[in-house]
Asker: 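I have a structure here, written as structure tokens, and I will follow up with some questions on it.
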Protein chains: 2
Amino acid sequence: MVVRQQERTELDDREVDRIFQALADSTRRDVVVRVLGDSERGQSVSSLASHYAMSFAAVQRHVAVLERAGLVRKERRGREQIVRGDVTTVRAAARLLAEYEELWRGRVTRMEQILAEPEGDDS
Amino acid sequence: MVVRQQERTELDDREVDRIFQALADSTRRDVVVRVLGDSERGQSVSSLASHYAMSFAAVQRHVAVLERAGLVRKERRGREQIVRGDVTTVRAAARLLAEYEELWRGRVTRMEQILAEPEGDDS
DNA sequence: GTAACGTACAACAACATGGTTGTACGTCAG
DNA sequence: CTGACGTACAACCATGTTGTTGTACGTTAC
């Protein structure tokens with residue numbers, strides 16, 4: 001059940017969509033900060049929910065979005081679900097943005113494959 | 001040509017929302033890649049649009065989303081709008097994710113300290 | 001001037017998102 | 001067992017997103 005993903009650098013378009021979309025909400029970013037900052041023990045969903053001015057169900061769904069994006073993992077402990085941050089995914093996203101930066105600097109990384117086209121065929 | 005901009009490090013929650021949401025779409029990420037990779041000349045909106053299997057209006061709105069997020073800027077040149085990537089915003093987002101990583105490592109999140117770090121200490 | 005080009009924007013439909021409440025169910029404490 | 005706790009999920013509503021087409025308007029080419 002533990003999917004052995006070994007520090008994948010390559011991310012599928014859909015995965016990247018999910019990661020950035022998950023990060024595009026301040027509540028969810030706050031959850032990420034909380035669980036990354038407490039990655040040893042983790043936090044139950046309800047203890048997370050207690051911090052926000054919204055229903056438990058809403059927070060639960062935010063956590064589900066984060067989980068679907070791979071930014072957090074949940075682990076059952078008795079009747080609680082312990083949420084822990086997955087720094088691997090954060091790192092992958094950071095790396096992608098770093099590649100964009102490199103692109104801007106003119107150092108062509110692996111991005112030319114994404115572009116797939118030599119420039120100059122248009123206008 | 002290295003534009004020494006103000007390099008804001010602090011981002012409003014809403015701004016971060018917009019940045020990540022703008023990045024949560026593969027077409028828009030592709031636009032960012034194209035204009036960052038061609039930051040000298042820039043690209044008109046229609047030359048960008050020619051690469052995608054969707055209407056010009058759709059691409060135009062994608063560009064508008066990127067502009068609202070501060071990831072690109074538009075500059076009028078005759079009847080064209082030249083789109084250029086704004087690496088500052090990309091960098092700000094990357095930095096935010098780097099802070100999350102630091103948080104995970106247990107290093108206290110002193111922002112100035114993190115930002116002052118020279119690159120390349122990653123192991 | 002006229003035609004084509006590049007852009008802007010509104011209206012519309014389909015779908016996704018983010019919140020709510022209500023219900024259900026397993027687990028722990030008594 | 002019973003009741004409280006923690007979680008899961010469905011239904012619902014309001015709003016936002018993403019594509020479409022159509023129209024309008026300034027700019028460039030002829």
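Protein chains get the first letters and strands the later ones, always in sequence-line order, with residue 1 at the start of each.
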Asker: Quickly work out the B/Phe56 CZ to D/dT23 P distance and round it to whole Å.
Answerer: 17 Å
Asker: Pick base, sugar-phosphate or nothing for B/Ala64, based on heavy-atom distances below 4.0 Å to the nucleic acid.
Answerer: nothing
Asker: Answer yes or no: does a side-chain N or O of A/Thr27 lie under 4.0 Å from OP1 or OP2 of C/dG18?
Answerer: no
Asker: Provide, to the nearest angstrom, the distance between the CD atom belonging to B/Gln60 and the C1' atom belonging to D/dA24.
Answerer: 13 Å
Asker: Rounded to whole Å, how long is the line connecting atom CG of B/Leu48 with atom P of C/dG6?
Answerer: 13 Å
Asker: Ignoring hydrogens and geometry, is there a side-chain-to-backbone donor-acceptor pair from A/Arg28 to A/Leu23 under 3.5 Å?
Answerer: no
Asker: Please answer whether the main-chain N or O of A/Arg41 pairs with a side-chain N or O of A/Arg84 as donor and acceptor at a distance below 3.5 Å.
Answerer: yes
Asker: What's the CG-P distance between A/Asp25 and D/dG16, to the nearest Å?
Answerer: 14 Å
Asker: Please figure out whether A/Arg77 or A/Val59 has its closest DNA chain C nucleotide nearer the 5' end.
Answerer: A/Val59
Asker: Starting from P on C/dG22, measure out to CZ on A/Arg61 and report it in whole angstrom.
Answerer: 16 Å
Asker: What's B/Gln81 touching, base or sugar-phosphate or nothing? Going by heavy atoms closer than 4.0 Å.
Answerer: sugar-phosphate
Asker: Indicate, with a heavy-atom threshold strictly under 4.0 Å, whether B/Arg28 touches base, sugar-phosphate, or nothing.
Answerer: sugar-phosphate
Asker: OP1 or OP2 of D/dT20 versus the side-chain N and O atoms of B/Ser55: is any pair under 4.0 Å?
Answerer: yes
Asker: In whole angstrom, what separates A/Glu80's CD from D/dC5's P?
Answerer: 13 Å
Asker: Which one, C/dT7, C/dG19, C/dT17, comes nearest to the side chain of A/His62?
Answerer: C/dG19
Asker: Is the side chain of B/Arg68 donor-acceptor paired with the backbone N or O of B/Ala22 at a distance under 3.5 Å, no angle test?
Answerer: no
Asker: Choosing from D/dT7, D/dG19, C/dT7, which nucleotide comes nearest the side chain of B/Ala58?
Answerer: D/dG19
Asker: If I take atom CZ in residue B/Phe20 and atom P in nucleotide D/dG16, what distance separates them, rounded to the nearest angstrom?
Answerer: 22 Å
Asker: In this structure, how many angstroms lie between the C1' atom of C/dT7 and the CD atom of B/Glu67, rounded?
Answerer: 13 Å
